[in-house]
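Reading through the C-alpha cells given below for one structure.
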Amino acid sequence: MTHILDDLDARGLLAHSTDPDALRAALSAGPVTYYVGFDPTAPSLHVGNLLQLLTARRLQMAGHKPLILVGGSTGLIGDPKQTGERSMNTKETVAEWVDKIRDQVSAFVDFDGPNGATIVNNLDWTQELNTIDFLRDIGKHFPVNRMLARDVVSSRLETGISYTEFSYVLLQSLDFLELYRRYGCVLQTGGSDQWGNLTAGVELIRRADAGKAHALATPLVTKADGTKFGKTESGTVWLDPELMSPYAFYQSWIQAEDSKVGDYLKQFTFLEVDQIDAVMAEHLEKPGLRAAQRLLATEMTALVHGSHEAIAAELASSALFGRGALEDLPESTLSAALQEAGVVHLATGDSPTLVDALVASGLADSKSAARRAIADGGAYVNNERVTDPDALLADGVLMHGSWAVLRKGKRSVAGVKLV
RNA sequence: GGCAGGUUGCCCGAGUGGCCAAAGGGAUCUGACUGUAAAUCAGACGGCAACGCCUACGCAGGUUCGAACCCUGCACCUGCCA
C-alpha cells in the first residue's frame with residue numbers, strides 16, 4: 001500500500017510540509033485528524049478551492065479524519081492578498097455564503113464511519129471571544145517583527161494594509177489551536193499561498209500548548225503561461241451550477257493546455273497515476289485527438305456535477321464541436337446540445353439581426369462587440385461564417401426550421417430558437 | 001490636526017488648456033497556422049439610431065469659445081510631522 005505522502009508526491013500535490021519525517025510517521029501510526037479551511041469570499045467555491053477539497057478527500061480515503069472549516073469569522077476579516085485591501089462584505093452576506101459553502105464542501109467528503117468528516121465554523125469560538133483574553137492569550141505569541149516579515153505583509157507595507165487584515169493570521173492560527181484542543185487535530189493542509197498561515201498555527205500550538213502539529217501545502221496550480229489556474233476568459237471557474245453550467249465547466253477543462261493536462265489529471269482526478277501515465281503516453285502520440293483533455297473534462301464534471309451532467313456535457317460538446325455536420329444531427333440531439341450550451345428564444349416576428357442574436361445569446365457583450373466580431377470574421381451561423389454586419393438571422397438556413405447555432409470564434413457556441 | 005504627494009479606461013501607466021475616446025505595456029477578443037492546445041504573426045479593443053452623436057480621466061461645482069489638464073470644495077489613499 002502506497003503511503004499517502006508518496007501518493008500526494010507522485011501526483012505533484014506536495015509543495016511544502018513541516019518536518020516530513022515526523023508527519024510521515026504520524027500518518028503511518030494511525031488515523032490523524034486534519035483540517036482545511038475555506039473562507040466565504042463568494043457565494044461559491046471555485047476550482048482553486050476544489051484542489052484543497054480533493055486533497056482532503058485523498059487523506060480521508062487513506063483513513064484519516066477530516067475537519068472541514070468554513071470561515072464564518074475569518075471571512076469577516078479577510079486574508080491579506082498582494083493586490084490590496086479586500087472590500088468587506090456585510091455579516092448577513094457572509095452568513096449566507098457560509099451556508100452555501102457548507103453545502104458545497106459536504107459533497108466532497110464522507111460523513112460515515114469512524115473517520116467521518118466534521119464541518120466546523122470558526123465563528124463558533126470567536127464571536128464570544130473577549131478582546132483582552134485574545135490579546136493576552138493569543139496575541140502574546142505573535143512577534144510583530146515576524147509578522148511584518150511575511151511576504152504578503154511586507155509587500156503591502158508600501159500600499160497599505162489595515163490592522164484588520166494584518167491580524168488575520170492570528171485568527172487562522174487560533175482556529176488550528178482550537179481544533180487541536182477540541183478534536184486533537186494535528187495537521188492543517190492548504191495551498192502554498194497559505195504556507196505562512198499554516199506554519200503560524202503550528203507555531204501557536206507549540207508555544208501555547210507545547211503541542212506538536214504539522215502543516216502541508218499543495219503547490220499553486222498554474223496555467224501554461226504561469227498565471228493562476230481557475231480563471232477562464234469569462235472569469236472564475238465556479239463549482240456552483242447556478243454560477244457556471246456543467247457544460248461550461250466541462251469546456252473549461254477540455255481547453256486545458258497539452259503541457260498541463262497531465263498535471264491536472266494527477267492533481268485533480270482519482271485515476272491511478274499509472275493509468276494517467278498510460279493516457280499521457282497515448283496523448284503524446286496523437287495530441288490532436290485531445291484524448292487526455294476529454295478524459296479530464298469528463299472526470300472533473302462527474303466529480304463536481306455528477307455523471308449524469310458529465311455525460312450531457314460530453315454529448316453536447318461532441319455534437320457542437322464534432323466533425324459531423326450540424327444538419328445531420330437529429331433535432332432532439334441538437335436541441336439537447338444547445339440546451340447545455342445555452343439557448344435564447346427570439347421572436348421570428350421581430351426579424352432579429354445576427355447582431356441582436358449575438359448579444360441576446362451572451363456571445364457578445366454589446367452590439368458594438370457583435371459588429372466587431374462580424375467584421376473580424378469571427379461570427380458564424382450554423383458553422384458558416386457571416387460577414388454582413390446587417391445580416392438577419394433568418395437569412396441563413398435554420399436547422400429543423402427554427403434553430404440557429406451561433407458561434408463566435410473557435411470555442412464559444414450558443415443556440416437560438418426562433419419562435 | 002498640519003504639510004507634501006496622489007486618485008486616468010479591465011489592470012499597470014503616459015498625458016498637465018485645443019492635434020485626446022486619451023501614448024505604451026499587460027490582459028482580453030478575432031483571424032492566419034492547427035487540434036476547442038501551445039508558440040508565432042496580424043487586426044481589434046467605451047457605447048449607440050455609427051463618415052456622426054453620446055458618455056468617460058475620484059466626486060461636485062466654477063473659469064474658458066474650448067478642460068483629463070486651470071480654480072474651489074469634498075471624499076479616499078500614501079508619506080512626513082503633531
Side-chain angles (χ1 to χ4, degrees), chain A residues 81-88 154-165 222-237 245 247-265 279-280 282-298 300-301 313-324 326 337 340-342 350 353-356 358-359 361-381 383-390 405-414:
Chain A
K81 51 178 187 181
Q82 308 275 355
T83 45
E85 196 79 6
R86 288 175 190 267
S87 52
M88 277 202 192
S154 65
S155 69
R156 286 276 300 276
L157 289 180
E158 281 294 312
T159 53
I161 179 169
S162 66
Y163 186 75
T164 309
E165 289 193 0
T222 56
K223 294 192 283 191
D225 61 4
T227 58
K228 203 164 161 188
F229 175 78
K231 303 273 181 194
T232 61
E233 306 70 47
S234 38
T236 305
V237 180
S245 73
Y247 166 85
F249 184 82
Y250 179 95
Q251 285 290 315
S252 77
W253 291 100
I254 209 158
Q255 288 161 6
E257 302 98 330
D258 282 0
S259 61
K260 284 290 177 179
V261 67
D263 292 349
Y264 297 162
L265 279 166
V279 170
M280 288 310 293
E282 279 179 42
H283 180 67
L284 280 177
E285 292 285 316
K286 293 185 174 176
L289 295 179
R290 310 175 63 75
Q293 281 90 342
R294 283 175 217 286
L295 178 64
L296 177 68
T298 303
M300 293 317 297
T301 309
E314 197 178 356
L315 286 175
S317 296
S318 64
L320 298 175
F321 290 96
R323 290 278 163 273
L326 286 172
E340 293 292 320
D350 295 341
T353 61
L354 174 56
V355 166
D356 294 331
L358 284 168
V359 173
S361 67
L363 290 181
D365 290 333
S366 65
K367 290 187 180 182
S368 298
R371 281 181 219 280
R372 225 176 280 138
I374 295 169
D376 286 347
Y380 308 80
V381 175
N383 283 346
E384 294 289 332
R385 176 177 286 171
V386 177
T387 51
D388 175 7
D390 299 317
V405 179
L406 257 47
R407 184 154 66 84
K408 187 182 73 121
K410 239 167 132 173
R411 306 164 162 184
S412 312
V413 176

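For clarity, every value in this text was computed on a predicted model and none was experimentally measured. Below, chains carry the letters A, B, ... as their sequence lines are ordered, and counting in each starts from 1.
Every residue meeting the side chain to side chain contact (heavy atoms under 4.5 Å, CB included) condition with A/Ser259, not counting sequence neighbours, appears here in chain and number order: A/Ala224, A/Glu257. Legend: residues meeting side chain to side chain donor-acceptor pair (under 3.5 Å) with A/Glu314, ordered by chain and number and at least two apart, are absent. A/Asp356 pairs by the salt bridge (charged side-chain N to carboxylate O under 4.0 Å, His left out) definition with A/Lys367, not counting sequence neighbours.
If you take CG of A/Leu284 and C1' of B/G35, they are 14 Å apart, rounded to a whole angstrom. Rounded to whole Å, atom P of B/G79 lies 12 Å from atom CD1 of A/Ile161. Distance A/Lys260 NZ to B/U36 C1': 20 Å, rounded to the nearest Å. A straight line from CZ of A/Arg294 to P of B/G35 spans 12 Å, rounded to a whole angstrom.
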Seminar exercise, completed: Contact string for nucleotides 38-44 of chain B, one letter per nucleotide 5' to 3', B = base within protein heavy-atom range under 4.0 Å, S = sugar-phosphate only, - = neither, reads S----BS
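A/Gly378 comes within 4.0 angstrom of sugar-phosphate atoms only, judged by non-hydrogen atoms across all strands, and of no base. Looking at heavy-atom distances under 4.0 Å, A/Arg385 makes contact with sugar-phosphate atoms alone, never a base. In this structure, A/Lys408 reaches the sugar-phosphate backbone alone: every heavy-atom distance under 4.0 Å involves primed, P, OP1 or OP2 atoms, never a base.
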Sub-3.5 Å pairs of nitrogen or oxygen atoms, protein against nucleotides 48-51 of chain B:
from  : atom 1 : to       : atom 2 : distance (Å)
B/C48 : OP1    : A/Lys367 : N      : 3.1
B/C48 : OP2    : A/Ser368 : N      : 2.6
B/C48 : OP2    : A/Ser368 : OG     : 2.3
B/A49 : OP1    : A/Lys367 : NZ     : 3.1
B/A49 : OP2    : A/Arg371 : NH2    : 3.3
B/A50 : N6     : A/Arg371 : NE     : 2.8

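With its glycosidic angle more than 90° from 0, B/C41 is assigned anti.
When all heavy atoms of A/Leu358 and A/Leu406 are compared, the pair lying nearest together is N-CD2, 3.9 Å.
Side chain to side chain, A/Gln251 and A/Ser317 meet the donor-acceptor criterion of an N or O pair below 3.5 Å.
For A/Tyr380, no side-chain nitrogen or oxygen approaches OP1 or OP2 of B/U30 to under 4.0 Å. A close approach under 4.0 Å does not occur between any side-chain nitrogen or oxygen of A/Lys410 and OP1 or OP2 of B/G31.
If you take CG on A/Leu265 and CE on A/Met300, they are separated by 9.5 Å, rounding to the nearest 0.5 Å.
In RNA chain B, consecutive stretches of 3 or more Watson-Crick or G-U wobble pairs with both distances under 3.5 Å are given as paired ranges: B:1-7 with B:75-81, B:10-12 with B:24-26, B:28-32 with B:40-44, B:46-48 with B:52-54, B:58-62 with B:70-74.
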